[in-house]
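Everything below concerns the one structure shown next.
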Amino acid sequence: LFRKYLNYTDDARKLVQEAEIRSALMQDVLEASLCYMRAVDLVRILIRLAIVVVFTIQGSPRSWWILVLMPAVMACWVYLRGWVYLHACEAEDHWHLEIDKDI
């Protein structure tokens, strides 16, 4: 893996810390694969949601307002509370990087 993707010169190798390379190999690859699996799960959920919406509209056309209101409320919640989640994720990433440097 190092030879194929990390063809650094000697000067460039000195600039990169060993902990960063170790983190990239061990954790970032795992995170990338988990993100891919989550994206596949998201697509599957969106397809299910589209099927539910179609059947709901076909069964009760007057229920369209509920189908509009619920995602709007959810979007407001994410807008108001999303920064808390992002801040917690950034703090956790910083903590993991500090541990990798100690190892």
Side-chain angles (χ1 to χ4, degrees):
L1 185 65
F2 281 115
R3 288 186 193 123
K4 187 172 182 180
Y5 296 108
L6 299 175
N7 291 328
Y8 291 142
T9 63
D10 288 334
D11 294 332
R13 280 190 204 116
K14 291 176 185 176
L15 294 175
V16 178
Q17 295 180 0
E18 186 177 331
E20 291 178 18
I21 293 173
R22 208 178 295 147
S23 173
L25 287 175
M26 298 171 82
Q27 186 175 6
D28 294 346
V29 170
L30 176 63
E31 288 179 9
S33 65
L34 290 175
C35 288
Y36 174 76
M37 293 305 298
R38 288 183 182 161
V40 170
D41 288 340
L42 179 64
V43 169
R44 188 174 43 129
I45 290 169
L46 290 175
I47 290 171
R48 286 182 184 176
L49 183 62
I51 291 170
V52 168
V53 166
V54 168
F55 281 120
T56 302
I57 294 295
Q58 285 179 350
S60 178
R62 294 189 311 169
S63 65
W64 66 268
W65 65 274
I66 295 172
L67 297 173
V68 172
L69 180 65
M70 189 61 185
V73 169
M74 291 170 66
C76 289
W77 177 260
V78 169
Y79 177 74
L80 294 173
R81 295 288 297 175
W83 65 272
V84 173
Y85 177 74
L86 291 176
H87 181 68
C89 289
E90 289 173 359
E92 182 181 7
D93 287 344
H94 178 70
W95 182 74
H96 282 290
L97 187 58
E98 291 297 319
I99 289 178
D100 287 344
K101 286 181 183 176
D102 293 339
I103 296 175

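Computed over heavy atoms, backbone and side chain alike; hydrogens, waters and symmetry mates excluded.
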**Item:** salt bridge (charged side-chain N to carboxylate O under 4.0 Å, His left out): pairs with one or both residues in residues 44-54, sequence neighbours excluded
**Value:** Asp41-Arg44

Hey, what else clusters with [X] if you join Ile, Leu, Val, Met, Phe, Trp, Tyr whenever side-chain heavy atoms sit under 4.5 Å?
| X | value |
| --- | --- |
| Val52 | none |
| Met70 | Met74 |
| Trp77 | none |

**Item:** Point-to-point distance, once rounded to the nearest 0.5 Å, from CZ of Arg38 to OG of Ser33
**Value:** 10.0 Å

**Item:** Spacing of Ile57 atom CD1 and Leu67 atom CG [to the nearest 0.5 Å]
**Value:** 4.5 Å

**Request:** For Ile47, check side chain to side chain contact (heavy atoms under 4.5 Å, CB included) against everything at least two apart and list the hits.
**Result:** Val43, Ile51

**Message:** Are Leu46 and Val54 connected into the same hydrophobic cluster when the rule is that any two of I, L, V, M, F, W, Y join if their side-chain heavy atoms are below 4.5 Å apart?
**Reply:** no

**Prompt:** Between Val78 and Leu42, is there a shared hydrophobic cluster once you connect ILVMFWY residues whose side-chain heavy atoms come closer than 4.5 Å?
**Reply:** no

**Request:** Compare every heavy atom of Ile66 with every heavy atom of Pro71, then report the nearest pair and how far apart it is.
**Result:** CD-O, 4.3 Å

**Message:** I'd like to check the side-chain hydrogen bond (donor to acceptor under 3.5 Å, both in side chains) partners of Arg62; sequence neighbours left out, ordered by chain and number.
**Reply:** none

